[in-house]
Q: 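Input: one structure, supplied below.
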Amino acid sequence: MAGEPVNVNEFQELARKVLPKMYYDFFAGGAEDEYTLKENIEAFHRITIQPRILVDVSRIDMSTVILGHKTSAPIILAPSAAHQLAHPEGEVATAGGAAACNVIMGLSFMSTCTVEEVASSCNAVRFFQIYVFKRRDVTEFMVRRAESNGFRAIILTADTPRLGRREADIKNKMISFRLRNFEGLISTDVVSDKGSNLAAYAEEILDPSLCWKDIAWLKSITKLPILIKGVLNGEDAMKAIEAGVVGIIVSNHGARQLDYSPATISVLEEVVQAVQGKVPVLLDGGIRRGTDIFKALALGAKAVMIGRPVIYGLAAKGESGVKQVIEMLKNELELTMALAGCCTVDDITRSHVKTEKERFLCRM
């Protein structure tokens with residue numbers, strides 16, 4: 001690829017060139033046949049935008065408020081593991097990019113930089129994503145550590161009682177990376193001759209008994225608001241509200257858990273309708289364009305989470321690559337809003353998009 005990237009998709013090829021194959025496959029891969037991995041992106045292509053004309057769009061305001069935090073755009077950096085596998089500065093560089101662009105950063109429980117390093121590196125608004133371990137004292141310690149270091153919310157990932165079958169990692173014999181947050185708490189030395197060392201490690205530490213009643217336990221150990229990540233249907237959305245979460249993230253874990261689960265954008269509206277405005281709904285998965293963000297907002301999302309594109313930008317250019325990815329998406333969203341006749345994110349409504357089903361019914 002010649003010249004500078006002009007969209008976030010082109011950062012993926014840059015990342016492929018600079019990363020060892022094991023690490024590129026770890027970031028880019030999905031579960032099993034990778035059907036859902038492809039669908040997360042393709043499902044956006046089946047939604048069209050219905051623009052309005054002759055609207056004064058000389059001033060576009062993309063800012064929004066997410067759980068009381070004003071951001072420059074409805075974008076959150078999705079929590080994802082092991083950023084130092086992409087770049088030596090890891091999550092510190094990612095946080096710097098988020099701060100520079102005034103968007104929220106999600107820090108993964110499985111980060112390779114410590115909570116303290118990220119917290120002291122910049123003034124980005126940060127949410128902390130957690131898994132629940134069999135040793136719940138470890139999870140509790142990490143939650144309290146995040147709270148004491150100025151994180152503003154907890155994201156509970158709820159779709160990982162076990163790690164999905166990621167066949168690229170098995171073939172590559174992916175090794176478990178150094179988890180410096182857990183040094184002195186638990187051992188990270190797991191050896192497996194059956195493929196992915198990371199999968200073997202996850203099998204040892206993740207708590208498959210986690211269930212809805214445990215949200216009360218999580219609420220009891222922190223004053224931070226709790227969002228739940230991994231909701232894919234209206235029934236679970238209603239259970240989440242009953243359990244007392246303050247936000248719902250429609251996510252299939254970047255298609256890394258259960259293959260043939262639905263593309264997130266395809267079930268977003270079902271979740272939004274079930275929630276009925278009681279809590280904000282965020283969308284995670286498949287965002288590659290500003291038009292994708294626009295479509296998600298039109299279908300009821302308060303904001304979107306960006307995962308792999310941030311990693312690709314980080315791998316290619318460090319903190320500046322993260323900033324470039326965010327700014328590209330913001331610029332594309334701003335242009336989409338202008339061309340669709342929307343001056344603010346609140347102006348983006350359900351009438352601005354049509355799904356494939358709606359277009360089919362119109363032709364009948």
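For the single chain, residues carry numbers from 1 onward in sequence order. Excluded from the calculations below are hydrogen atoms, water molecules and symmetry mates; all remaining heavy atoms, backbone and side chain alike, are included. Given the structure is predicted, the values throughout are model-derived calculations rather than measurements.
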Q: Could you check if a side-chain atom of L77 sits within less than 4.5 angstrom of a side-chain atom of I104, using non-hydrogen atoms only?
A: no
Q: Would you mind reporting whether S63 and K70 have side-chain heavy atoms less than 4.5 Å apart?
A: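 When only atoms from C-beta onward are counted, S63 and K70 do touch, with a gap below 4.5 Å.
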Q: Is it the case that the side chains of Q324 and K317 hold a donor-acceptor pair, with the cut-off being a distance below 3.5 Å and no angle test?
A: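 Result is yes, a qualifying pair exists.
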Q: Using a strict cut-off of less than 4.0 Å between a Lys/Arg side-chain nitrogen and an Asp/Glu carboxylate oxygen, indicate whether K239 and E242 qualify as a salt bridge.
A: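 Answer for the salt bridge query: no.
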Q: Please tell me whether I348 and V65 are part of a single hydrophobic cluster in this structure, the criterion being side-chain heavy atoms less than 4.5 Å apart.
A: no
Q: Any side-chain heavy-atom pair from R152 and P225 closer than 4.5 angstrom?
A: no
Q: I want to check something: taking the side chain as every heavy atom from C-beta on, are L156 and V132 in contact at a cut-off of under 4.5 Å?
A: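 SC-SC contact between L156 and V132 confirmed.
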Q: For the pair K295 (side chain) and I49 (backbone), establish whether a donor and an acceptor sit closer than 3.5 Å, ignoring hydrogens and angles.
A: no
Q: Thinking salt bridges, do R136 and D207 make one under a 4.0 Å N-O criterion?
A: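 A salt bridge links R136 with D207.
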Q: Say whether I249 and L268 are linked into one hydrophobic cluster, either directly or through other cluster members, by side-chain heavy-atom distances under 4.5 angstrom.
A: no
Q: Heavy atoms, side chains only, cut-off 4.5 Å: are T114 and E91 in contact?
A: no
Q: Under the criterion side chain to side chain donor-acceptor pair (under 3.5 Å), I'd like the reasoning laid out for S251 against D284: C-alpha separation, chi angles, the key distance, then a yes or no.
A: CA-CA 5 Å; S251 173; D284 170 60; 2.7 Å; yes
Q: Compare every heavy atom of E34 with every heavy atom of G29, then report the nearest pair and how far apart it is.
A: CA-OE2, 3.5 Å
Q: Might you confirm whether atom OH of Y23 has over 12 heavy atoms from other residues, nucleotides or ligands at distances under 6.0 Å?
A: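 Open: at most 12 neighbouring heavy atoms sit under 6.0 Å from OH of Y23.
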Q: Would you call F294 and C342 a side-chain contact if the rule is heavy atoms closer than 4.5 Å?
A: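 A side-chain contact exists here, since the closest heavy-atom pair is under 4.5 Å.
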Q: Under a 4.5 Å cut-off applied to non-hydrogen side-chain atoms, are R350 and L299 in contact?
A: yes
Q: Is the backbone of A153 close enough, under 3.5 Å, to the side chain of R126 for a donor and an acceptor to pair up by distance?
A: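 Checked: no pair found.
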Q: Check V55 against G341 and note the closest heavy-atom contact, atom names and distance.
A: CG1-O, 3.7 Å
Q: Are the charged groups of D25 and K21 less than 4.0 angstrom apart, N to O?
A: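 Salt bridge: yes.
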Q: Ring centroid separation for F11 and Y312, is it under 6.0 angstrom?
A: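 F11 vs Y312: aromatic centres not under 6.0 Å.
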Q: When rounded to the nearest 0.5 angstrom, what distance separates CE in M174 from CZ in F26?
A: 5.0 Å
Q: Do the side chains of R46 and E42 get close enough for a salt bridge, i.e. N-O under 4.0 angstrom?
A: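 Salt bridge absent between R46 and E42.
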Q: Can you tell me how far the CD1 atom of I60 sits from the CE atom of M62, to the nearest 0.5 Å?
A: 9.0 Å
Q: Between R166 and E32, is there a side-chain N and carboxylate O pair less than 4.0 Å apart?
A: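 Between E32 and R166 there is no salt bridge, as every charged N stays at least 4.0 Å from the carboxylate O atoms.
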Q: Please check if the side chain of R289 supplies one atom and the backbone of V8 the other of a donor-acceptor pair under 3.5 Å.
A: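 Not at all, since once roles are kept as given, no pair shorter than 3.5 Å links the two residues.
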Q: Looking at E332 and K330, is there a salt bridge between them, counting it only when a charged N and a carboxylate O are closer than 4.0 Å?
A: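 Answer for the salt bridge query: no.
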Q: Out of curiosity, D159 CG to L232 CG, how far, rounded to the nearest 0.5 Å?
A: 7.5 Å
Q: Would the number of heavy atoms belonging to other residues, nucleotides or ligands and lying under 6.0 Å from CZ of R162 be above 12?
A: no
Q: Search all heavy atoms of V231 against all heavy atoms of A237 and return the closest pair with its distance.
A: CG1-N, 3.8 Å
Q: When rounded to the nearest 0.5 angstrom, what distance separates CD1 in I76 from CD1 in I66?
A: 4.0 Å
Q: Hey, is the main chain of E10 close enough, under 3.5 Å, to the side chain of N7 for a donor-acceptor pair?
A: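 Checked: pair present.
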Q: Heavy atoms only: give me the nearest T36-N252 pair and the separation to one decimal.
A: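 Heavy atoms of T36 and N252 come nearest at CG2-ND2, 3.3 Å.
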Q: Closest heavy-atom contact between V115 and M142?
A: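 Minimum heavy-atom contact is CG2-CE, 3.9 Å.
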Q: Given side chains that start at C-beta, do those of R145 and N181 come closer than 4.5 Å, heavy atoms only?
A: yes
Q: We want to know whether D346 and T344 form a side-chain donor-acceptor pair, criterion being a heavy-atom distance below 3.5 angstrom.
A: no
Q: Do the two ring centres, one from F182 and one from F141, sit under 6.0 Å apart?
A: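 No, the ring of F182 stays outside the 6.0 Å limit from the ring of F141, centre to centre.
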Q: Roughly how far, to the nearest 0.5 Å, is the CG atom of L333 from the OG1 atom of T291?
A: 9.5 Å
Q: Write down the atom of R256, the atom of F27, and the distance for their closest heavy-atom approach.
A: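 Closest heavy-atom pair between R256 and F27: NH1-O, 3.7 Å.
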Q: Taking A263's backbone N and O only, do any of them form a donor-acceptor pair with E39's side chain (distance below 3.5 Å, no angle check)?
A: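 Side chain of E39 to backbone of A263, a donor-acceptor pair under 3.5 Å: no, none is there.
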Q: Measure the spacing between CD1 of I248 and CG of L282 and express it to the nearest 0.5 Å.
A: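 Rounded to the nearest 0.5 Å, the CD1-CG separation comes to 9.5 Å.
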Q: Is there a side chain to side chain donor-acceptor pair (under 3.5 Å) between T48 and Q50? Walk through the geometry before answering.
A: CA-CA 7 Å; T48 58; Q50 310 298 306; 3.0 Å; yes
Q: Is E117 salt-bridged to R180, cutoff N-O under 4.0 Å?
A: yes
Q: Check each of H87, E319, H83, E89 against T94 using the side-chain hydrogen bond (donor to acceptor under 3.5 Å, both in side chains) test, and report the only one that passes.
A: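 Going through H87, E319, H83, E89 one by one, the side-chain hydrogen bond (donor to acceptor under 3.5 Å, both in side chains) with T94 is satisfied by H83 alone.
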